[in-house]
Amino acid sequence: MDFATILQVLDSTVRLATPLLLACLAGLFSERSGVIDIGLEGKMLIAAFASAAFAYYFSQNPVAGIGPIWMGLLMGVLASLAFSGLHGLASITFRGNQLISGVALNFLASGLSVLVAQSWFHEGGRTPSLPDEGRFDGIVLPGALGPADAEAAGRPLSELIAQANPIQQIYSELISGHSILVYVAFLMVPATWWVLFRTRFGLRLRAVGEAPEAVDTAGVSVTALRYGALVIAGVLCGLAGAYLATGLQAGFVREMTAGRGYIALAALIFAKWRPWYALMACLLFGFLQAIALRYQNIDLGAFTVPVQFMDALPYILTVVILAGFVGKAIPPRAGGDPYVKER
Amino acid sequence: MAAPEQTRPAIELKGISKAFGPVQANKDISIRVMPGTIHGIIGENGAGKSTLMSILYGFYKADAGEIFINGTHTEIPDSQAAIKAGIGMVFQHFKLVQNFTVLENVILGAEDGGLLKPSLAKARGVLKHLAEEYELSVDPDAKIEDLSVGHQQRVEILKALYREADILILDEPTGVLTPAEADHLFRILEGLKREGKTIILITHKLREIMEITDTVSVMRRGEMTATVKTAETTPEQLAELMVGRKVLLRVDKVPAQPGRPVLEVENLRHVDESGVERLKGVSLDVRAGEILGIAGVSGNGQSELLEVLGGYADATGTVRVNGQEIPLSGPGSDGRARRHGGIAHVPEDRQHEGLIMPFYAWENVGFGYHDDPRFNRGLLMDNAALQADATDKMKRYDVRPPNPWLPASSFSGGNQQKIVLAREIERDPEVLLVGQPTRGVDIGAIEFIHQEIVRLRDSGKAILLVSVELDEILSLSDRIAVMFDGTIMGERLPDETDQTELGMLMAGMTGATQSRSQGAGHA
């Protein structure tokens, strides 16, 4: 495996880790506040659909002054927020079972997205392919080689990068050229850490997931804090879904989240509900997906590792991790329990 | 300060009423608490003490009545309002975030701004000051889960003081403390009183009321039955006011006539699921016609001792009943085998281990008798026989109401305990294990339960009593063993020891005399 290939795998690791990371951080906020969020998958899926559908609609019917992609992103986030609100209503206000509520959201998203897509676009439950203005472009960082350089030189970008010096190669291939949501996702890691451990909101959020009665008796509303956490989770899931449909791919297809919400949950447990560990865990899962994508059949001489195995690898790892292979992960103590005032 | 200020009550409640469905928890309660005093509120479980205080702290809203704080009519719709009015509350079950530091717990909800750093720095200074003023020293950077219960309670008091509370309500504060910790708490409260703070102490322990309060109010069935100056009353009078009839405070019993050892335990060791050794070589014996009381602060291995002897935790070591060794792990070591082997068990946690709360009383009375031929007809259970048997037992054990068709959850704590006692004592066991027999039980029922235990002793059975209530241990036991950190610290005779000496042993400090059973354990 040469240097350029390694770089390409790592580059696609970053891209594939991005939706996982956003969803994982969404789960982190939600679960740190004591609300189990198994509905990450559903929120991502509905956001993916809404962002693709509206990005397409506004690319056909442009609104002056605002790009269709931004309208798509906004609608994706709103859709995810609406689902978050439903989850909150069921599990915070009405003290329902958080797992059931989350699973219901997943089913709802799975059915609703395909149904509406079919009714609007008549393409078998998918949205039409998004034109360029309906997608997120890569951002070329200052000094990095980008499509403009390739055009000027009249050669493919990959060739241009391969001939540059190693530092320029890393910079141009791995660090530069991603869509804005990738950078947002990675910046969310230190931001989440800072909010959790350095601000009043973070202190209260962590407290409400551990001992809501302590928060309540201190005169702070448990309900408001948990809704606050769900709003943040909704926005992050919205970004994750929008990235899937408008960054990673060009449009919505049925079940396009493909279990990423569950993988994000596994990563969250793996990360022991901490932001920096979450980054590591999501990069690991992203790397496995990148490997599976690039090496469909790995030839080991004596036998060939089939493509199905490579595709299943991230999921197998999830099971291994959830089986407690990584040691003891202590979840927030009040996770899953609706708060009922007691003397 | 002007003279009228002195006579104005810090808290005045007028005509407070609160109902939960058909249950009237508080009925037209009026009370005046004078500033700078310690005011006790005493009453049986369910008398409405906690409800009243929860109303004062904004947890519940009263159906009727008014609250005056320092003479001002005050609405307290939530805890935030109570804090603003200068009320601090130390709950029976602490409201602390276990994996937060002391500082973080103190500032939670009382932060000065969006960022934590300035708040933490300020709290560190205030805590230092409070520690010096009131003997309230706690390491501000320690995690709550690493602190002793006594220190956790100090954090709760610090939380209230940090919010500049002038009125401090403590709900059953000594239930979880060693006698030494309780003494320390009382010194803290005296100090707070000297500084002009008003303290309300909710308790069911008469001794504490007599020791520390200036005034005491008695509650019974939701009503305030009396408010008296502590100096002008007696424990007997208070007990009568609480229960509504004369109560025997001491257990009436003749000296024990102990026979041969029935239960012999040697070098018992038990490691729990997380790998912590909970029993570190416990040796003891209980003779026929004797009550051996195990004293200790909860969490020092008493529960595990009961679990091992009761047959639902594995252990190593030797246990003999009437000279016959019984297995401590593997086949024949379960609860059923224990019961057939003559060990009956009244578990500590009545609601989880002693009863199935949603099941009918007769089903609960019948547990453990399902293989008894009296209650079987071929493949089927003879439910009619079980029901008749339960009715009979409930009558004899004074379970009120004696209705076998009520679920266990609808009985009061004392009557639930009588159901368990009836089931276990009627097995006619050689050994009876009893854990916390009167936890959450009314004074009236305590009397009955103690009498039943003594009656069983007098019929020549061996009784192992575990209780965190030292008064109970002292008055019921014929011999006392003190447990600390999974070992027996020593044995004492109730007539030759007192609360202070037992308290030292419970805190892990060895007295002058060599412990008999530890000697045996090492032999």
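This one's a predicted model, so the numbers in the text were calculated from it and none came from an experiment. Numbers restart at 1 for each chain; the letters A, B, ... are given by sequence-line order, proteins then strands. Scope of the values below: all heavy atoms of this structure, side chains included, with no hydrogens, waters or symmetry mates.
B:N26 and B:Y60 share no donor-acceptor pair across their side chains, judged by distance under 3.5 Å alone.
The shortest side-chain heavy-atom distance between B:D141 and B:R124 falls under the 4.5 Å cut-off.
For A:R206, the parts sitting under 4.5 Å from any heavy atom of chain B are the backbone and the side chain alike. Using a 4.5 Å cut-off between heavy atoms, A:R204 contacts chain B through both its backbone and its side chain. Heavy-atom distances place no part of B:D171 under 4.5 Å from chain A, backbone and side chain included. In this structure, the portions of B:L108 lying under 4.5 Å from any heavy atom of chain A include both its backbone and its side chain.
Remark: side-chain polar atoms of A:R226 are paired, donor with acceptor, to backbone N or O of A:S33 under 3.5 angstrom.
Between chain A and the residues B:E111, B:M53, B:M89, B:Q80, the most heavy-atom pairs under 4.5 angstrom are made by B:E111.
A side chain to side chain contact (heavy atoms under 4.5 Å, CB included) with A:M188 holds for exactly one of A:L28, A:V195, A:L236; it is A:L236.
A salt bridge is defined here as a Lys NZ or Arg NE, NH1 or NH2 lying under 4.0 Å from an Asp or Glu carboxylate O, and A:E213 with B:K95 fails to meet this definition.
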